[in-house]
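Let me begin by presenting the structure, written as structure tokens, before commenting on it.
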Amino acid sequence: MKFLQKINFACGLLLLSLIVNAQKSKLAQTFYKHDKYLSSDKLEGRFVGTKGNNDAASYIKKYFKKYGLKEFNNNYYQPFKVFVKEGINKAKSDSVSTQNVLGYIEGSDEKLKNDFIVIGAHYDHWGWGGSGSGSKKKDTVAIHNGADDNASGVSALLCILQEVSKLKIKPKRSIIFISFSGEEEGLLGSKYFINHLPIKKETVKVMLNMDMVGRLNAEKQIYMGGAGTFPNGVDLMKKLGQNSGLNPVVFAGDVGGSDHVSFYKASISAVGFHTGGHPQYHTPEDDFDLINFEGGALVSKYIYNALVSIANYDEELVFIRQD
């Protein structure tokens, strides 16, 4: 009898372990699915103004709608023009059309819902590369899939949105989810958004940005700059690292060079997240098979916790400039 009890106990532990592992990997599977599509050859590197770029925008829009984001001005798209060198990626004109993709979740607090937290990631990349592009291999014409830069950031964005959509009680402040285009050409999508805000600028309190979060290293380091641009941000980010499976490397300043910089320059608190550089950056070798999907899931969960914590902040969110 005792032998059978031991067998049943061992089987129970095994089943529990399998359930826990399945739950852990479920978010990784979602991350995998999104990155696989966005970095596929089918999208040809998502260069602004191309079908691949538009298809990526349509894919993001589909999930924004699925997870219940509300539209601004009856549209998930914020279209704008980008000037590119004629001939790059077969461009027939120096002016092409692209779009930011955005939507929002209304906050649950009657007063604080008038404040907005923005979370974003750019979805464009360098297409076929070549001369005149930002490719590190200008003599090579090949698809630059940008699996890490920045299909990974968009994958994290969609993972986070999925988790927020499950909350029975939404965070106190409203949250804007946005995927920018034109980042590679000089943060053009985020600059356009800042200059054409669908809400009052003073209601935008904090911006969280994810750019290259798909290559978590063996030390499990998630880097972030700008954590000191809002009250107690550095302490919050360090605290969230406890039991997260990650080792946050937190900088109060060192804001960085991606879309969150557009917000920081507009005196809006901004934090940029990434998992580090690598030799495949801006080359055709930045491919899907190098992505750490379990790591991407850990990063997504960490940033989700940061987003919800900030959206529920008890104290006033004010901008703190960092030198």
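Residue numbers run from 1 in the order of the sequence given.
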Inset, instruction - Taking D287 for its side chain and D289 for its backbone only, find out whether a donor-acceptor pair lies under 3.5 Å. - result: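 Pair absent, no side-chain N/O of D287 close to backbone of D289.
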Assess the side chains of [X] and [Y]: does a donor N or O sit below 3.5 Å from an acceptor N or O?
X	Y	answer
T229	R321	no
K81	S97	yes
N150	H125	no
N114	T203	no
D286	Q280	no
N54	Q99	yes
D41	N145	yes
N217	Q221	yes

Inset, instruction - Could you walk me through whether L157 and F64 pass side chain to side chain contact (heavy atoms under 4.5 Å, CB included), step by step? - result: CA-CA 10 Å; L157 183 72; F64 278 15; 4.1 Å; yes
N/O donor-acceptor pairs under 3.5 Å from side chains in residues 181-191, not counting sequence neighbours:
{"residue": "S181", "atom": "OG", "partner": "N53", "partner atom": "ND2", "Å": "3.4"}
{"residue": "S181", "atom": "OG", "partner": "T98", "partner atom": "OG1", "Å": "2.7"}
{"residue": "E183", "atom": "OE1", "partner": "H122", "partner atom": "NE2", "Å": "3.3"}
{"residue": "E184", "atom": "OE1", "partner": "H282", "partner atom": "NE2", "Å": "3.1"}
{"residue": "S190", "atom": "OG", "partner": "L187", "partner atom": "O", "Å": "3.0"}
{"residue": "S190", "atom": "OG", "partner": "D259", "partner atom": "OD1", "Å": "2.6"}
{"residue": "S190", "atom": "OG", "partner": "S262", "partner atom": "OG", "Å": "2.9"}
{"residue": "K191", "atom": "NZ", "partner": "G186", "partner atom": "O", "Å": "3.2"}

Is the closest side-chain heavy-atom distance between [X] and [Y] below 4.5 Å?
X	Y	answer
M210	H274	no
F31	S152	yes
L307	I160	yes
Y76	L102	no

Legend entry - Flag if over 12 foreign heavy atoms under 6.0 Å of CD, E202: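 Above 12, so yes.
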Can you list, pair by pair, the side-chain donor-acceptor contacts under 3.5 Å of residues 236-248, counting residues two or more places apart and other chains?
{"residue": "S244", "atom": "OG", "partner": "G241", "partner atom": "O", "Å": "2.7"}
{"residue": "S244", "atom": "OG", "partner": "L246", "partner atom": "N", "Å": "3.1"}
{"residue": "N247", "atom": "ND2", "partner": "E219", "partner atom": "O", "Å": "2.6"}

Rounded to the nearest 0.5 Å, how far does [atom2] of [Y] lie from [atom1] of [X]?
X	Y	atom1	atom2	answer
F293	S155	CZ	OG	8.0 Å
F251	M224	CZ	CE	9.5 Å
T275	L298	OG1	CG	11.5 Å
K65	I60	NZ	CD1	16.0 Å

Legend entry - Heavy-atom pair with the smallest gap, counting every atom of E315 and N232: OE2-ND2, 2.7 Å
Inset, instruction - Could you pull out the closest heavy-atom pair between L290 and E285, with the gap in Å? - result: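 That closest heavy-atom pairing would be CD1-O, 3.5 Å.
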Legend entry - Non-neighbouring partners of F230 that pass ring pair (Phe, Tyr, Trp, His ring centres under 6.0 Å), sequence neighbours left out: Y313
Legend entry - With Y67 via ring pair (Phe, Tyr, Trp, His ring centres under 6.0 Å) - residues at least two apart: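 Applying ring pair (Phe, Tyr, Trp, His ring centres under 6.0 Å) to Y67 gives none.
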Inset, instruction - Carefully, step by step, assess F47 and V84 under the rule side chain to side chain contact (heavy atoms under 4.5 Å, CB included). - result: CA-CA 10 Å; F47 189 74; V84 299; 4.1 Å; yes
Inset, instruction - Kindly state whether the ring of Y123 and the ring of F180 have centres lying under 6.0 angstrom apart. - result: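 No, they do not, as the ring centres are separated by 6.0 Å or more.
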Legend entry - Check: F273 ring centroid to Y223 ring centroid under 6.0 Å: no
Inset, instruction - May I ask you to list the residues sharing a hydrophobic cluster with F83, side-chain cutoff 4.5 Å, ordered by chain and number? - result: none
Inset, instruction - Kindly determine whether I117 and L317 satisfy side chain to side chain contact (heavy atoms under 4.5 Å, CB included), including the steps that lead there. - result: CA-CA 10 Å; I117 310 301; L317 291 168; 3.8 Å; yes
Inset, instruction - Among residues two or more places apart or on two chains, list those pairs meeting ring-ring contact (aromatic ring centres under 6.0 Å, His included) that have a residue in residues 195-215. - result: Y192-H196
Legend entry - Verdict with supporting geometry, Y63 and H34, ring pair (Phe, Tyr, Trp, His ring centres under 6.0 Å): CA-CA 10 Å; Y63 284 96; H34 294 316; 4.8 Å; yes
